[in-house]
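Inspection log for the structure reproduced underneath, given as structure tokens.
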Number of protein chains: 2
Amino acid sequence: MFSKTCEYAIRASIFIAAQSYQDKRVTIKDIAENIDSPKSFTAKILQILAKKEIVHSIKGIGGGFEIPKENIKRINLAQIVIAIDGDSIFKSCGLSVNHCCDQHPCPLNKKFKSIRNDLAKMLDSTCLEELVLDVNSGESFLI
Amino acid sequence: MFSKTCEYAIRASIFIAAQSYQDKRVTIKDIAENIDSPKSFTAKILQILAKKEIVHSIKGIGGGFEIPKENIKRINLAQIVIAIDGDSIFKSCGLSVNHCCDQHPCPLNKKFKSIRNDLAKMLDSTCLEELVLDVNSGESFLI
DNA sequence: AAAGAAATATGATTTAAATCATATGAAATA
DNA sequence: TATTTCATATGATTTAAATCATATTTCTTT
């Protein structure tokens with residue numbers, strides 16, 4: 001469904017948000033350990049998220065990553081997915097038929113659109129905050 | 001969503017079925033040309049489909065691939081997807097969290113399950129026949 | 001100002017998927 | 001039975017994603 005990169009991005013974002021929610025800033029090492037991801041690879045992903053202003057990075061001693069509390073409500077999964085994988089998951093043809101569209105549909109066009117729409121709706125309506133609450137209350141896990 | 005291999009498998013199956021529906025047998029070359037896929041790669045995929053008895057292969061002059069008419073009704077997309085990609089798409093965690101399950105759910109477990117179920121339902125309820133009819137009537141395209 | 005701790009930037013390596021190429025085997029027909 | 005046409009089998013190559021490694025930059029603290 002998502003690329004591994006995107007999965008790590010989502011898990012990292014949730015973790016950072018969960019810590020920021022408790023006023024804690026986290027380093028790459030913290031993140032990698034707590035979401036069980038390769039450290040350098042995670043660093044690369046965080047750079048992208050920082051550039052897209054999904055996470056905020058602070059260099060130097062005491063630095064790390066955080067997500068301002070106001071943003072935890074505002075950031076949704078769709079933004080993260082788009083930042084990493086682009087919007088192909090929302091638009092691309094399920095059978096990779098060239099130029100598949102309503103005027104020139106693949107045999108699955110209609111049925112796929114419905115599922116893709118559900119996915120898009122879900123990603124769009126799921127903000128970090130609700131995921132953070134679940135993680136912080138021990139109802140769900142990142143590892 | 002699906003691997004490229006699986007996409008080719010689905011398109012090839014639809015094409016073969018569409019031709020079989022009109023009592024025509026097709027060669028690998030025909031298939032590759034008509035679904036715009038790499039020929040040798042397609043051959044490899046067809047071997048798998050033949051072993052899983054989704055398509056029927058006939059060697060020698062006049063040979064090729066076909067899907068017996070009775071089967072065009074019976075074969076659904078889920079069977080093809082499982083033959084190629086396995087059932088991971090129906091079961092795997094959207095965030096690749098280790099051992100994600102109801103007792104140890106990732107933050108997206110619930111929401112993903114709902115979408116995966118819709119997908120499974122769609123693949124299960126879509127048989128080759130309905131796709132073939134669309135293709136043969138010119139309503140949808142494989143290329 | 002110096003030292004240390006952090007992110008950033010870049011490039012190399014590994015792995016897996018996708019693709020290409022070719023030799024082999026089986027069936028039909030002449 | 002020889003030849004041709006097809007699928008089958010196998011392995012090599014390419015490509016892209018994932019991972020690893022390291023040098024550089026920035027910031028903080030002393």
Side-chain angles (χ1 to χ4, degrees), chain A residues 1-13 15-16 19-20 24-33 35-67 81 83-86 88-89 92 95-96, chain B residues 1-13 15-16 19-20 24-33 35-67 81 83-86 88-89 92 95-96:
Chain A
M1 187 81 81
F2 305 132
S3 67
K4 216 124 212 347
T5 309
C6 189
E7 293 174 351
Y8 289 141
I10 295 174
R11 279 156 60 191
S13 299
F15 176 68
I16 296 168
Q19 298 304 109
S20 292
K24 288 180 197 155
R25 189 178 286 167
V26 291
T27 68
I28 291 176
K29 187 163 171 285
D30 291 332
I31 299 169
E33 283 172 358
I35 69 171
D36 187 27
S37 65
K39 206 179 102 183
S40 318
F41 191 30
T42 306
K44 232 174 221 179
I45 297 169
L46 288 168
Q47 279 179 47
I48 301 174
L49 294 178
K51 261 186 198 136
K52 308 256 177 171
E53 299 185 327
I54 289 170
V55 302
H56 181 217
S57 78
I58 300 97
K59 286 186 176 181
I61 293 177
F65 293 87
E66 61 185 24
I67 300 181
V81 170
I84 302 293
D85 282 349
S88 68
I89 198 171
S92 70
L95 298 181
S96 290
Chain B
M1 186 81 83
F2 305 132
S3 68
K4 217 124 212 350
T5 309
C6 189
E7 293 175 350
Y8 289 142
I10 294 173
R11 280 155 61 190
S13 299
F15 176 69
I16 297 168
Q19 297 305 110
S20 293
K24 288 179 196 154
R25 190 178 285 167
V26 290
T27 67
I28 289 177
K29 186 162 170 283
D30 293 331
I31 298 169
E33 283 172 358
I35 69 169
D36 188 27
S37 65
K39 207 178 100 181
S40 315
F41 191 31
T42 307
K44 232 173 221 179
I45 297 169
L46 288 168
Q47 279 177 49
I48 302 174
L49 294 178
K51 263 187 197 136
K52 307 256 178 169
E53 299 186 327
I54 288 170
V55 302
H56 181 216
S57 78
I58 301 99
K59 286 185 178 180
I61 293 177
F65 292 88
E66 60 185 25
I67 300 181
V81 171
I84 303 293
D85 282 349
S88 68
I89 198 172
S92 70
L95 299 181
S96 291

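Note that these values count all heavy atoms, side chains included, but never hydrogens, waters or copies made by symmetry. Here the structure is a predicted model, which means the values were calculated and not measured. Note on naming: letters A, B, ... go to the chains in the order of the sequence lines (proteins, then strands), and numbering restarts at 1 for each one.
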For the side chain of Phe41(B), counting heavy atoms from C-beta on, which of dT8(D), dT8(C), dT19(C) is nearest? dT19(C)
Find every protein N or O atom lying less than 3.5 Å from an N or O atom of nucleotides 10-16 of chain C, and list the pairs.
from	atom 1	to	atom 2	distance (Å)
dG11(C)	O6	Lys44(A)	NZ	2.3

Report the distance from atom CZ of Phe2(B) to atom CG of Leu95(A), rounding to the nearest 0.5 Å. 7.5 Å
Any chance you could measure Ser96(A), atom OG, to Met1(B), atom CE, to the nearest 0.5 Å? 11.0 Å
What is the separation between atom CZ on Phe2(A) and atom C1' on dA17(D), rounded to the nearest whole Å? 17 Å
Please give, in whole Å, the distance from dA17(C) P to Glu7(B) CD? 14 Å
Nearest whole Å is fine: how far is dA18(C) P from Ile35(B) CD1? 14 Å
Interatomic distance, Ile31(A) CD1 vs dA7(C) C1' [rounded to whole Å]: 11 Å
Under the ring pair (Phe, Tyr, Trp, His ring centres under 6.0 Å) rule, collect the residues that match up with Phe65(B), sequence neighbours excluded. none
Of dA18(C), dA18(D), dT8(D), the nucleotide closest to the side chain of Thr5(A) is dA18(D)
Give the rounded distance in Å between these two atoms: CD1 of Ile16(B) and P of dC6(D). 15 Å
Just list the side-chain donor-acceptor pairs under 3.5 Å for residues 25-32 of chain A, sequence neighbours left out, or say none.
from	atom 1	to	atom 2	distance (Å)
Arg25(A)	NE	Glu66(A)	OE1	3.0
Arg25(A)	NH1	Gly62(A)	O	3.1
Arg25(A)	NH2	Glu66(A)	OE1	3.4
Thr27(A)	OG1	Lys29(A)	N	3.3
Thr27(A)	OG1	Asp30(A)	N	3.2
Thr27(A)	OG1	Asp30(A)	OD2	3.3
Lys29(A)	NZ	Glu33(A)	OE2	3.3
Asp30(A)	OD2	Thr27(A)	N	2.9

When rounded to the nearest 0.5 angstrom, what is the spacing between CD in Glu7(B) and CG in Asp85(B)? 9.0 Å
Over 12 non-hydrogen atoms of neighbours within 6.0 angstrom of NZ in Lys39(A): no
Between the protein and nucleotides 24-30 of chain D, list the N/O to N/O atom pairs that are separated by less than 3.5 angstrom.
from	atom 1	to	atom 2	distance (Å)
dT26(D)	O4'	Lys59(A)	NZ	3.1

What is the nucleic acid contact for Lys29(A), judged by heavy atoms within less than 4.0 Å: base, sugar-phosphate only, or nothing? nothing
Phe15(A) meets the ring pair (Phe, Tyr, Trp, His ring centres under 6.0 Å) criterion, sequence neighbours left out, with none
Could you check how far NZ of Lys39(B) sits from P of dA21(C), rounded to whole Å? 11 Å
Does dA6(C) have OP1 or OP2 under 4.0 Å away from a side-chain N or O of Ser57(A)? no
Exercise: identify the closest heavy-atom pair between Ile35(B) and Ala12(B): CD1-N, 3.7 Å
When you check the phosphate oxygens OP1 and OP2 of dA9(C), does a side-chain N or O of Lys51(A) lie under 4.0 Å from one of them? yes
Between dA7(D) atom P and His56(B) atom NE2, what is the distance in whole Å? 12 Å
Separation of dA18(C) atom P from Tyr8(B) atom OH, nearest Å, is 9 Å
Enumerate donor-acceptor pairs with a distance under 3.5 Å from any side-chain N or O in residues 42-55 of chain A to protein atoms, sequence neighbours excluded.
from	atom 1	to	atom 2	distance (Å)
Thr42(A)	OG1	Ser37(A)	OG	2.6
Thr42(A)	OG1	Pro38(A)	O	2.5

